[in-house]
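Everything on this sheet refers to the single structure shown next.
Numbering of residues begins at 1 and proceeds along the displayed sequence. From a predicted model like this one, the values you see are computed outputs, not experimental measurements.
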Amino acid sequence: MSESQNRDQIYATPQDAVKAFVFDEKVAAVFGDMINRSVPGYAMILEMIGVIARRYGRPDTRCYDLGCSLGASTLSLRHNLPQGCSIVAVDNSAAMIERCKQYIAQDSATIPVDVQLADIQDIPYEQASIVVLNFTLQFLPKEQRFDLLKRICDGMIPGGALVLSEKIAFPDDEEQQLLTELHHGFKRSRGYSELEVAQKRSALENVLIPESLNDHRERLLKAGFRKVTLWFQCFNFVSILAEK
Ligand code: GEK
């Protein structure tokens with residue numbers, strides 16, 4: 001079994017007080033398994049990032065993978081972009097970046113990748129044809145999200161595209177409850193116990209802050225994107241394509 005397939009058992013035993021979730025060494029070591037068993041449609045979204053890369057990637061531009069974790073979206077971009085593109089992959093977790101660098105080094109594609117340990121709010125955005133925020137914006141404090149999206153849009157070429165994948169919340173309580181329960185059903189179908197689901201939920205409280213689809217849409221338009229299209233939804237997980 002490769003390291004990326006290490007089984008996530010972080011919440012398998014009862015914890016006296018569940019600590020707030022952090023992207024530390026323990027999480028990085030099991031992250032591939034964790035995200036595959038937690039986010040419905042994750043593998044499909046990665047594949048479609050490749051399809052999107054083929055449509056929006058332009059030579060002599062940059063593509064950004066923000067909150068790159070182990071580099072899964074980076075690799076999907078890398079194998080589908082035209083020659084002449086370069087990729088900037090950024091994460092502020094040292095444990096993730098260390099592993100990401102190894103995975104990129106083991107990959108044989110030739111598009112250059114600059115893997116950076118940094119906060120995505122601190123880096124410049126220039127000549128971007130594609131920017132990927134695959135389940136990362138949800139970890140930023142709400143009030144900091146607009147400034148980041150505006151800087152991303154300002155740094156994009158006309159016709160560039162942002163892929164924004166998020167866990168979302170629903171204004172309708174019944175819909176919120178139904179889709180949350182179905183998501184938990186998905187996690188159980190992928191082998192997580194009730195205890196694991198409950199403890200992870202409590203660890204993510206106040207760390208992963210979902211917003212409604214409408215809030216995302218309106219903020220993207222305000223940040224300068226011309227057209228906002230929902231292209232994927234499974235339960236309370238979506239991916240949006242925002243074009244400049
Ligand atoms: C994938 N996109 O596999 N600056 C940089 N990185 C950050 C910040 C920040 N301010 N906040 C959070 N992160 C990946 C999956 S995971 C999604 C992304 C999840 C990083 C954090 O360290 C983590 O690696 C990533 O964003 C979120 O396609 O765990 O649900």
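- No continuous path of ILVMFWY side-chain contacts below 4.5 Å connects Phe186 to Leu46, so the two sit in separate hydrophobic clusters.
- Salt bridge Asp215/Arg219: absent, no basic N to carboxylate O contact under 4.0 Å.
- At a threshold of 4.5 Å between non-hydrogen side-chain atoms, the residues Lys222 and Glu218 do not count as touching.
- Minimum interatomic distance between Pro14 and Leu195 (heavy atoms only, all atoms of both residues): N-CD2, 3.6 Å.
- Between the side chains of Gln106 and Gln102, no donor N or O sits under 3.5 Å from an acceptor N or O.
- Annotation for Ala161 and Leu241: closest pair CB-CD1, 4.0 Å, computed over non-hydrogen atoms.
- Taken together through direct or relayed side-chain contacts under 4.5 Å among Ile, Leu, Val, Met, Phe, Trp and Tyr, Ile130 and Val228 form parts of separate hydrophobic clusters.
- At distances below 3.5 Å, not a single donor-acceptor pair connects side-chain atoms of Ser239 with backbone N or O atoms of Phe232.
- In terms of the side-chain contact (heavy atoms from CB on, under 4.5 Å) criterion, residue partners of Lys227 (sequence neighbours excluded) are, by chain and number, Thr229, Glu243.
- Hydrophobic clustering (side-chain heavy atoms under 4.5 Å, transitive across Ile, Leu, Val, Met, Phe, Trp, Tyr) groups Trp231 together with Phe135.
- To the nearest 0.5 angstrom, His79 atom NE2 is 3.5 Å from Asp107 atom CG.
- Judged by distance alone, with hydrogens and angles left aside, the side-chain atoms of Gln116 form no donor-acceptor pair with the main-chain N or O of Val90 at under 3.5 Å.
- Two residues are said to be in side-chain contact when any heavy atoms from C-beta on lie closer than 4.5 Å; Ser193 and Glu196 meet this criterion.
- Proximity of Leu137 to His216: side-chain heavy atoms (C-beta onward) are separated by under 4.5 Å at one or more points.
- Counted within 6.0 Å of CZ on Arg151, heavy atoms from surrounding residues, nucleotides or ligands total more than 12; the atom is thus considered enclosed.
- Under the 4.5 Å side-chain heavy-atom criterion for ILVMFWY residues, a single connected hydrophobic cluster contains both Val88 and Leu164.
- Listed for the Lys187 side chain is no donor-acceptor partner under 3.5 Å among the backbone atoms of Val197.
- One N or O on the side chain of Asp24 and one on the backbone of Val27 form a donor-acceptor pair closer than 3.5 Å.
- Two residues are said to be in side-chain contact when any heavy atoms from C-beta on lie closer than 4.5 Å; Met156 and Val131 meet this criterion.
- Note that CZ of Phe21 and CG of Leu208 are 9.0 Å apart. Values are rounded to the nearest 0.5 Å.
- The backbone N or O of Gln177 lies less than 3.5 Å from no partner atom in the side chain of Glu175, so there is not a single donor-acceptor pair.
- Between the CD atom in Gln138 and the CD atom in Glu211 there is a gap of 10.5 Å [rounded to 0.5 Å].
- The shortest distance between side-chain heavy atoms of Val132 and Cys63 does not fall below 4.5 Å.
- A donor-acceptor contact shorter than 3.5 Å links the side chain of Gln199 to the backbone of Thr13.
- Taking OG1 of Thr61 as the start and CD of Glu126 as the end, the distance is 12.5 Å to the nearest 0.5 Å.
- When all heavy atoms of Gly57 and Leu81 are compared, the closest pair comes out as CA-CD2, 3.9 Å.
- Residues Asn92 and Ile120 are not in side-chain contact: their nearest non-hydrogen atoms beyond the backbone lie 4.5 Å or more apart.
- No side-chain donor-acceptor contact under 3.5 Å links Arg7 to the backbone of Asp33.
- Between Tyr64 and Tyr125, the distance from one ring center to the other falls under 6.0 angstrom.
- By the 4.0 Å N-to-carboxylate-O rule, Arg99 lies close enough to Glu25 to be salt-bridged with it.
- Note on Ile240 and Leu162: same hydrophobic cluster, where clusters join Ile, Leu, Val, Met, Phe, Trp and Tyr whose side-chain heavy atoms are under 4.5 Å apart, directly or indirectly.
- We find the CZ-CD1 distance between Arg78 and Ile87 to be 6.5 Å, quoted to the nearest 0.5 Å.
- Considering every non-hydrogen atom in both Arg58 and Ile157, the closest pair reads CG-CD1, 4.0 Å.
- Among residues two or more places apart in sequence or in another chain, the side-chain contact (heavy atoms from CB on, under 4.5 Å) test is passed with Asn80 by Ala53, Arg54, Ser76.
- Inter-residue side-chain proximity for Asp114 and Arg62 is flagged as unmet; no heavy-atom pair is nearer than 4.5 Å.
- Between the side chain of His183 and the backbone N or O of Val39 there is no donor-acceptor pair closer than 3.5 Å.
- Phe139 pairs by the ring pair (Phe, Tyr, Trp, His ring centres under 6.0 Å) definition with Phe23, not counting sequence neighbours.
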Residue pair Asp65, Val113: steps toward the side chain to side chain contact (heavy atoms under 4.5 Å, CB included) verdict: CA-CA 10 Å; Asp65 180 11; Val113 183; over 6 Å; no

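- Under the 4.5 Å side-chain criterion, counting only non-hydrogen atoms from C-beta, Ile49 is in contact with Leu77.
- For the pair Asp8 (side chain) and Met34 (backbone), a donor-acceptor distance under 3.5 Å is absent.
- For the residue pair Ile152 and Phe225, the shortest heavy atom distance occurs at CG2-CZ, 4.4 Å.
- In this structure, Asp91 contributes its side chain and Cys68 its backbone to a donor-acceptor pair below 3.5 Å.
- For the pair Lys200 and Tyr11, the cation-pi test (distance below 6.0 Å, angle within 45°) is failed.
- Counted within 6.0 Å of CD on Glu174, heavy atoms from surrounding residues, nucleotides or ligands total 12 or fewer; the atom is thus considered open.
- Of all non-hydrogen atoms in Gln83 and Ile111, the two that sit nearest each other are CA-CD1, 4.1 Å.
- The SG atom of Cys234 sits 15.5 Å away from atom OH of Tyr42, with the distance rounded to the nearest 0.5 Å.
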